[in-house]
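Only one structure is covered here, and it is reproduced in the block below.
Here is the naming used below: chain letters follow the sequence lines, and residue numbers restart at 1 for every chain.
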There are 2 protein chains.
Amino acid sequence: MSVKEIPDIVVGRLPIYLRALQHMAQEGRQVTSSQELGERLGISAAQIRKDLSQFGEFGKQGTGYNIEFLAGQLQQILHLDRVWDVVIVGAGDIGSALARYQGFSHRGFRIKMIYDSDPTKIGSQAGGFTVKDSGGMVAEIKAAGIKLAMIAVPAASAQVVANQLVEAGVQAILNYAPVNLVVPNGVHVQYIDPSTHLQHMTYYLD
Amino acid sequence: MSVKEIPDIVVGRLPIYLRALQHMAQEGRQVTSSQELGERLGISAAQIRKDLSQFGEFGKQGTGYNIEFLAGQLQQILHLDRVWDVVIVGAGDIGSALARYQGFSHRGFRIKMIYDSDPTKIGSQAGGFTVKDSGGMVAEIKAAGIKLAMIAVPAASAQVVANQLVEAGVQAILNYAPVNLVVPNGVHVQYIDPSTHLQHMTYYLD
DNA sequence: TAGATTGTTAATCGATTAACAATC
DNA sequence: TAGATTGTTAATCGATTAACAATC
């Protein structure tokens, strides 16, 4: 008897569902259906029901899903029933914008530290944080037990930084540098690169 | 006889291949193989060959791919053999960081204008641009014939802005607002939301 | 009850991988 | 030539959709 393995593509849709549900909750809504959710998100109702059914039975025939309940369940599934500390590496334009970004606290994250190696940036302020010297980064992240990091350094330094983060015990990296990272098994990486996203879409333009 | 339809998931990998090839070219490399490329990117060699074969024959048996040639072919396929003008809507932290970002020009894009509706931001400077009043946005984008836009406004305004961009003739939108957009057929949208990406990864942490 | 919507199964559709002839 | 690597086919694997019994 094997533990069912949830496809990563399904896991990736859960935060989308959660975001839509929280939006509906803010509108004062109480219940929704797979059909309504699907229309909002451009996803088929069948797929939403199938995705959710991987984790349990959250709805009621005839009425649909209680929004607050389902949102709570998704938060548990995604381990968002607690606050995750996050470290930012790189205090340039992107790193500073991330440090100032107000959108993390509602969504389960708390920026804890921001690092840079540039002596002209170390000690300066970014979104209420004092930029720290990346020389002490590995030891400090390890001591704080932080598992999540965002990389916002130039492409040429990103792999070195990733290696340090892995050494520090980081298990999930959101990489803004336009380069693929090689990391050990068990370390998760997601990529954000506006140019890559734009280049994907220009294919369809003429 | 039908024109072969390229899967979107294949199109989405092409910019990744292109980026790796340009990186290799910068290192002074002349040729590569599907195997080497795959190892760099964590993608199987078979998949890379299959993807490329959808568009033509770009390699040589026994030797592999000429890096400069393949990069040029991918640029043509992705319509990157010209510069695309891009408009930014929203001059907050994210919009300003995008306006200052130096990474677009190498990759085929040129920021043309940045808009905001906030009177305290209109007229201010952001990355060498003067923030314009979004009141004139639709007419100005239409007049300039711009097809690409990045949305960096609060979630509550994003759908309204998207509607205006569509009205202005924009066909591809990179959306930084944490909300799903509903757009007509033929308009392409890509999403960047750091919280959503982080929430995807916390599933695997404990 | 009648209507609506879930959870789930089976069918369909699509993407990835393995393997190898062709050939540089 | 011998070795290497492509382009492509067939097989496998995985994801999505359609349909419907169960039931609120």
Side-chain angles (χ1 to χ4, degrees), chain A residues 1-17 20-21 24 29-74 77 180 200 203, chain B residues 1-17 20-21 24 29-74 77 180 200 203:
Chain A
M1 215 171 86
S2 66
V3 176
K4 60 176 187 288
E5 180 74 29
I6 309 292
D8 182 66
I9 197 163
V10 172
V11 176
R13 280 192 292 261
L14 300 186
I16 307 291
Y17 300 160
L21 290 164
M24 287 176 176
R29 302 279 314 284
Q30 303 286 328
V31 293
T32 186
S33 65
S34 58
Q35 186 176 16
E36 185 193 37
L37 211 41
E39 276 165 16
R40 272 221 200 195
L41 299 175
I43 293 176
S44 79
Q47 177 157 89
I48 290 173
R49 293 200 303 277
K50 188 101 207 294
D51 286 353
L52 297 177
S53 75
Q54 305 253 23
F55 301 95
E57 307 192 357
F58 306 117
K60 269 204 186 66
Q61 285 100 325
T63 55
Y65 301 92
N66 178 292
I67 289 169
E68 199 182 332
F69 173 75
L70 182 53
Q73 293 293 304
L74 289 177
I77 292 165
N180 198 273
H200 181 164
Y203 173 80
Chain B
M1 216 171 89
S2 66
V3 175
K4 58 176 189 286
E5 181 74 29
I6 310 291
D8 182 65
I9 198 163
V10 172
V11 175
R13 280 191 292 262
L14 300 186
I16 307 291
Y17 300 160
L21 290 165
M24 287 175 174
R29 305 278 313 283
Q30 304 285 328
V31 293
T32 187
S33 65
S34 57
Q35 186 176 17
E36 184 192 37
L37 210 42
E39 276 165 15
R40 273 219 199 198
L41 299 176
I43 293 177
S44 79
Q47 177 156 90
I48 291 172
R49 293 201 303 279
K50 188 103 209 294
D51 286 351
L52 297 177
S53 75
Q54 305 253 23
F55 301 95
E57 307 192 356
F58 305 118
K60 269 204 185 68
Q61 283 101 327
T63 56
Y65 301 93
N66 178 292
I67 289 169
E68 199 182 333
F69 173 75
L70 181 54
Q73 293 293 304
L74 289 177
I77 292 165
N180 198 272
H200 182 166
Y203 173 80

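Using N1 to N3 plus N6-O4 or O6-N4 for Watson-Crick, or N1-O2 and O6-N3 for G-U wobble, each under 3.5 Å, C/dC20 pairs with D/dG7. Nucleotide C/dC13 forms a Watson-Crick or G-U wobble pair with D/dG14, both donor-acceptor distances falling under 3.5 Å.
Annotation: of the two residues near DNA chain D, A/Lys60 and A/Ile43, the 5′-most nearest-nucleotide partner is A/Ile43. For A/Arg13 and B/Glu57, each mapped to the nucleotide of DNA chain D holding its nearest heavy atom, the one lying further toward the 5' end belongs to B/Glu57.
Using a 4.5 Å heavy-atom threshold, the side chains of A/Phe58 and A/Leu74 count as separate.
Here C/dT17 is the nucleotide among C/dT8, C/dT17, D/dT6 with the atom lying nearest to any side-chain atom of B/Ser44. Checking C/dA15, C/dG7, D/dT5 against the side-chain heavy atoms of A/Arg49 singles out C/dG7 as nearest. Closest to the side chain of B/Lys50, out of C/dC24, D/dT9, D/dT5, is D/dT9. Picking from C/dT17, D/dT8, D/dA22 the nucleotide with the shortest atom distance to the side chain of A/Gln61 gives D/dA22.
Across the protein-nucleic acid pair, A/Glu39 atom CD and C/dT5 atom C1' stand 14 Å apart, rounded to whole Å. We find that CD of A/Glu5 is positioned 15 Å from C1' of D/dA15, with the value rounded to whole Å. Atom-to-atom, CZ of B/Phe55 to C1' of D/dG7 comes out at 15 Å; the value is rounded to the nearest Å. The CD1 atom of B/Ile48 sits 9 Å away from the P atom of D/dT6 (whole-angstrom rounding). Between the CG atom of A/Leu52 and the C1' atom of C/dT5 there is a distance of 13 Å, given to the nearest Å.
Within the structure, every side-chain polar atom (N or O) of B/Thr63 is placed at least 4.0 Å from both OP1 and OP2 of D/dT5. OP1 or OP2 of C/dG7 sits under 4.0 Å from a side-chain N or O of A/Tyr65.
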#### Entry: A/Tyr17 and A/Ile43: CA distance, side-chain angles, deciding distance, side chain to side chain contact (heavy atoms under 4.5 Å, CB included) verdict
CA-CA 10 Å; A/Tyr17 300 160; A/Ile43 293 176; 3.9 Å; yes
### Task
Take A/Tyr203 and B/Asp8 through the test side chain to side chain contact (heavy atoms under 4.5 Å, CB included) and record every step on the way to the result.
CA-CA 10 Å; A/Tyr203 173 80; B/Asp8 182 65; over 6 Å; no
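Here CD of B/Gln30 is found 12.5 Å from OG1 of B/Thr63. Values are rounded to the nearest 0.5 Å.
No option in A/Leu21, A/Leu52, A/Val31 other than A/Leu52 meets the side-chain contact (heavy atoms from CB on, under 4.5 Å) test with A/Tyr65.
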